[in-house]
Structure formats: structure tokens, C-alpha cells
Amino acid sequence: MTVRVAILLSGGGSNMVALLDSMTGDHPARPALVLSNRADAGGLQKAAARGVATEVVDHRPFGEDRASFEDALHQRIMEHSPDIICLAGFMRVLTGGFVARWQGRMINIHPSLLPKYRGLHTHARALDAGDVEAGCTVHEVTAALDDGPILGQARVPIKSGDSADMLAARVLKAEHQLYPAVLRRFADGNRTPIYLS
Ligand code: GAR
């Protein structure tokens, strides 16, 4: 049985592209949908150019009503019958209600070595702390922000003179290695963490 994957994003979608490009040959999964909360997300065009269905559910008309936004999101996702959701730069915090619907079937990539630096500005925070290495984490999504069982991590060095942007670019390259490697395992039902360095 082919595992169907929905990818949610808000931006350029370089991780999404890495995931799409990986789902070929004997890979257990195939892309079913790329969805964004922003109609202008660059990732949407990249997905469409690769022949993948795209959808937009704009969060703004829902204002503070996260539950209604998430109901609309869930409904649109279900039209494509995915088995797994990959969050790939999806910059909306999801409530416990939505997370519960996808518990054990939704994974996220975060640009830090969790549990360090949950939330935003991870690279600047690593530099400010004087860390000598940084990296990224793929984890199962639970109700707590940037938490949940770790499925993989990739480490990169922090070099002297690094700016946050330089570090972000180095980490992003590692993300493109890690996320496809984790998805392949996860789609096979294997939750053994992968550690890349
Ligand atoms: C990635 O660095 C991802 O780890 C980060 O957003 C970027 C998306 O880039 N995600 C988060 O910060 C989630 N908290 P992309 O659109 O090029 O894949």
C-alpha cells in the first residue's frame, strides 16, 4: 500500500521539494497534497510544477478563531486522503485539537537541536549562546510546541564569523538530508531515530 503524504508549508518550500524529490522508486510514500496558509507561498508553485495537488487555506479570515481555521484545514486536507502530514516550514501553531486528530501521523522539522531553542530565531539564539554546533530536528508533533518524540537530528558546526543567515543556510542543507531520510523510515512505520552529522 502506498502511503499518502500531505505537506504543509508557509514559505519557499525547499524542504517540501526535498521531500517530493525523495518520494520515487521503491519509496513507501507518494505526495498527495501540498497545502499552505498563504496563497503567495513560493512552495505552492514549486509543488504544482512537479504535478502535485496544491491547496490554500488562509488563516486570516478566521482571526483568533483557531478552532474554525483548523476545522477548515482538516476538511481540505481530508479531501486528499493523506496518511501522514509533514509540516515543512508551516508557521502556524496548531492546537491540541488538531494535533489529536493526527497524533502519531504528523511530523515536523525544526531548525535547532531540540530540546534547545523551541520557537523562533533559533540560529541567532544559538550564536548568542556561544554554541559550537547547531542543527535540525525532525519530531512527531504533539500538543506542546516543538516537542514530541525525536525521529532524527542532523548536526552542523558553527564557524567563527557566522551570521544567523550563514548558519541558517548551513542548517537548511542538513534539513534537506534529514527530512527525507526520516520520512522514508516513518512511512515504513519505523520510528527509530536517525542521527546525521
Ligand atoms: C526551515 O528552516 C524549517 O526548519 C523552518 O522553516 C524553514 C522553512 O524553509 N521551520 C520552522 O521554523 C518551524 N518552527 P523551507 O520553506 O525552505 O523549507
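All values reported here derive from a predicted model rather than from experimental measurement. When a ligand or atom number is given, it counts from 1 through the structure's own listing order.
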[X] side chain to [Y] side chain, donor-acceptor N/O pair below 3.5 angstrom:
X	Y	result
D147	H139	no
H176	S14	yes
S163	D165	no

State if G12 counts as touching ligand 1 under the rule of any non-hydrogen atom under 4.0 Å.
yes
Mark the output for L9 as yes if a heavy-atom distance to ligand 1 is under 4.0 Å, and as no if none is.
no
Counting each atom of ligand 1 from 1 as listed, which ones have a heavy atom of [X] under 4.0 Å away?
X	result
G89	6 (O), 8 (C), 10 (N)
E175	1 (C), 2 (O), 3 (C), 4 (O)
M91	11 (C), 12 (O), 13 (C)

Residues R30, D83: salt bridge by 4.0 Å N-O rule
no
Protein heavy-atom partner closest to [atom] - residue, atom, separation in Å:
atom	value
atom 11 (C) of ligand 1	P111 CD, 3.7 Å
atom 15 (P) of ligand 1	S14 N, 3.4 Å
atom 14 (N) of ligand 1	H110 ND1, 3.5 Å

Side chain or backbone of L172 under 4.0 Å from ligand 1, or both, or neither, by non-hydrogen atoms?
side chain
What I want to know is whether G13 and ligand 1 share at least one N or O pair that is separated by under 3.5 angstrom.
yes
Any N or O of N108 that comes nearer than 3.5 Å to an N or O of ligand 1?
no
Indicate the atoms forming the closest heavy-atom contact of H80 with R4, along with that distance.
O-NH2, 2.7 Å
Begin with the C-alpha distance, continue with both residues' side-chain angles, and end with the deciding distance and a verdict on salt bridge (charged side-chain N to carboxylate O under 4.0 Å, His left out) for E70 and R101.
CA-CA 11 Å; E70 291 178 351; R101 288 166 160 172; over 6 Å; no
Starting from the C-alpha separation in whole Å, work towards a yes-or-no answer on side-chain contact (heavy atoms from CB on, under 4.5 Å) for V99 and M106.
CA-CA 8 Å; V99 170; M106 180 159 60; 4.2 Å; yes
Is it the case that more than 12 heavy atoms not belonging to Q45 sit under 6.0 Å from its CD atom?
no
